[in-house]
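Worksheet: the structure to be examined is printed underneath.
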There are 2 protein chains.
Amino acid sequence: MATIKDIARMAGVSISTVSYALNNDTKISKKTKEKILDAARQLNYQKNGIASDLKRSSTRTIALIVTDLAGPYYAELVKGIQEVTLSKGYDLLACSSVGGETSTAVKFLTEKRVDGAIVLAHNISEEILIKSARKKFPIILLDRKADSEHIVSIEVDNEAGSYLGAELLITQGHRDIAYISGMTVSELHYMRIHGYERALQKHGLEGRNRLHQFGLFNRENGFSMTKMLIAQGNLPSAVMYANDEMAIGGINAFKEHGIKVPADVSVIGFDDIELAKYVQPALTTIMQPKYERGALAAHLIFEMLEGHSTEPYYKLPTQLVLRDSVLNIN
Amino acid sequence: MATIKDIARMAGVSISTVSYALNNDTKISKKTKEKILDAARQLNYQKNGIASDLKRSSTRTIALIVTDLAGPYYAELVKGIQEVTLSKGYDLLACSSVGGETSTAVKFLTEKRVDGAIVLAHNISEEILIKSARKKFPIILLDRKADSEHIVSIEVDNEAGSYLGAELLITQGHRDIAYISGMTVSELHYMRIHGYERALQKHGLEGRNRLHQFGLFNRENGFSMTKMLIAQGNLPSAVMYANDEMAIGGINAFKEHGIKVPADVSVIGFDDIELAKYVQPALTTIMQPKYERGALAAHLIFEMLEGHSTEPYYKLPTQLVLRDSVLNIN
DNA sequence: CTGTTAGCGCTTTCAG
DNA sequence: CTGAAAGCGCTAACAG
């Protein structure tokens, strides 16, 4: 493969002249520039961006790290990130953290391949995050925290959101409300559960909490946990799910057993994913601001890169979105 | 930031020794290795992956290029790609081609930042693709073609799929079938239209084709084009859409006008995206193999990287998936 | 087992 | 306007 050296030889100029010409530096005469561009074309020259990055010691690219590239991470969130990243003239890469410590994500966090990272993944250790974050390598953490000067977290008010959801159910006359969640060590879901419990307490229902925690936070597990709930008999009048994916799995399970939502049981999710408004019945859920969160994340990373100081922690509000999966039984 | 040079100085060894130690080369004695690892820890050393890549002149990473990172590119497809890429010990990056010639995608295609690319985007010129593809940089093209020794295409049999869909409609008694598509120069949609037209011809309906081509291939445009169709009066008994996204937009438009699907009009989509089975009514559509396509794409890229020869072109079959949006009016 | 050394391909002073 | 030269941080052949 041709390099600028080859071009220099062919055009009969020095390497630096080639570099300047290729980078549109004004100080190169039109004539030599043409000559150089011609040679480049003939040699089918392709720049080696890696060499360039090494020399410049900056990549002008930001990584978005998600648990699984194949996963349903929110389109709107990515859009928010993408727009401000592009407007700054930076590149955006997405990579996944499947594979844990040997994943692409860790490589990007620890090997200076990018100038900053936005992390939406729980399977990357806090240790790695803290070790990697530097002045010249800010990290934005979504849905989790880490104690470091160069990491800022953006969370959503999960506790309040869940509280809102549970309270809705209670004001609609529900007294027997189950909560189905995955097994978790993450604060996010702990807070959601907490909101649910606080609402029960607030309305004098403390003894009545029915919390089911097991397995993953996906549709399949929402499905099987709901089946178990059904198998136990003694169906609650409403069930809250840790997220919409699980809720959708749950609705399917109810359907399979001929249990009508919301006539027989009310259901409420969390997140407001795209599917939520399409399932039958349309899912009542708690929405988090997605686009705004993405845009804020990208904005903050540039603030930090430019040396401005920022809050270490942001908490965004949630909002109840009423659809058809909750029945007023008053 | 600390480099291996600093470690060498601190540990009192040469830089090559450091490099060997850090890369777990067996020839370094346990004692020096400890010493080196210690120094690295103290200095909070972080490898510069870019320098390493430059030297090795290989990145062991593959880029997945999509039109829009925020878009609904198929999770299943990504999963297929991801699995074989990881199994080969390569990294996978996703980047978008929004921004055209100045996009991240083009940078990755033309600047040797990765060892190969899988491209699912139509806004990257064939010229760039052909210029970029080399023996050491194979490109897999999804849903389009390009004439180059180092590019292989994987398409889906769009013509046959569309034919199948149209034929279903005809055998169910439909005679007046509209086709709503975006404006296209891409062969993919041209083939879909062709399948529709061939089916009409085959069944003696050649005069009756009602093709509407305008705008984008997204939900919004499916919505507005359907509204226009409605406004014109003289509703067809069935409408085929260029893809599921447009079909979903169309269903929404019908709903808004109190036109029942499929009682008043039958609808058929293409792609079988996840949403298809959740919309009301569940969408009858033409499925393309997603996971398989992803896995094949990644598999081929490694075949090429390893110097094996492959077919230049693959065509995968489609399949009709019957749901509830088509009515038998015989 | 460890050190010396020559680059990978590019950018960017500094001199002319 | 153009060229010489240093060097980004790392790897790996070679010598010891």
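Per chain, numbering begins at 1; letters A, B, ... match sequence-line order. Keep in mind the model is a prediction, meaning the values are calculated, not measured.
Taking atom OH on A:Y20 and atom P on D:dA4, their separation rounds to 13 Å, with Å as the unit.
In this structure A:Y313 satisfies the side-chain hydrogen bond (donor to acceptor under 3.5 Å, both in side chains) test together with A:E155, sequence neighbours excluded. With sequence neighbours left out, the side-chain hydrogen bond (donor to acceptor under 3.5 Å, both in side chains) criterion links A:T59 to A:D115. For B:F302, the ring pair (Phe, Tyr, Trp, His ring centres under 6.0 Å) test picks out B:Y90, with sequence neighbours left out. Considering only residues two or more places apart in sequence or on other chains, A:T32 meets the side-chain hydrogen bond (donor to acceptor under 3.5 Å, both in side chains) condition with A:S29. Scanning for ring pair (Phe, Tyr, Trp, His ring centres under 6.0 Å) contacts around B:H150 gives an empty result, with sequence neighbours left out.
Within the structure, salt bridge (Lys or Arg N to Asp or Glu O under 4.0 Å) pairs that include any residue of residues 14-27 of chain A comprise A:D25-A:K27 (at least two apart or interchain). Residue pairs meeting the salt bridge (Lys or Arg N to Asp or Glu O under 4.0 Å) criterion with at least one member in residues 42-52 of chain B, sequence neighbours excluded, do not occur. For residues 85-98 of chain A, the salt bridge (Lys or Arg N to Asp or Glu O under 4.0 Å) pairs, not counting sequence neighbours, are A:K88-A:E306, A:D91-B:K107. Residue pairs meeting the side chain to side chain donor-acceptor pair (under 3.5 Å) criterion with at least one partner in residues 127-139 of chain A, sequence neighbours excluded, do not occur; the list is empty.
Put simply, chain B comes within 4.0 Å of DNA chain C, heavy atom to any atom, from C:dC1 to C:dG9, going 5' to 3'.
One finds the CD1 atom of B:I139 at 13.5 Å from the CG atom of B:L300 (value rounded to the nearest 0.5 Å).
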Which atom pairs link the protein and nucleotides 6-10 of chain D when you take only N or O atoms and keep those under 3.5 Å?
from   : atom 1 : to    : atom 2 : distance (Å)
D:dG7  : N2     : A:K55 : NZ     : 2.8
D:dG7  : N3     : A:K55 : NZ     : 3.0
D:dG9  : N2     : B:A51 : O      : 3.4
D:dC10 : OP1    : B:Y45 : OH     : 2.4
D:dC10 : OP1    : B:N48 : N      : 3.2
D:dC10 : OP2    : B:I4  : N      : 2.7

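Comparing the helix axis at one end of the helix from C:dC1-D:dG16 to C:dG16-D:dC1 with that at the other, each defined from 5 consecutive pairs, gives an inter-axis angle of 40° (nearest 10°).
A donor-acceptor contact under 3.5 Å is formed by the side chain of A:S16 with the base of D:dA4.
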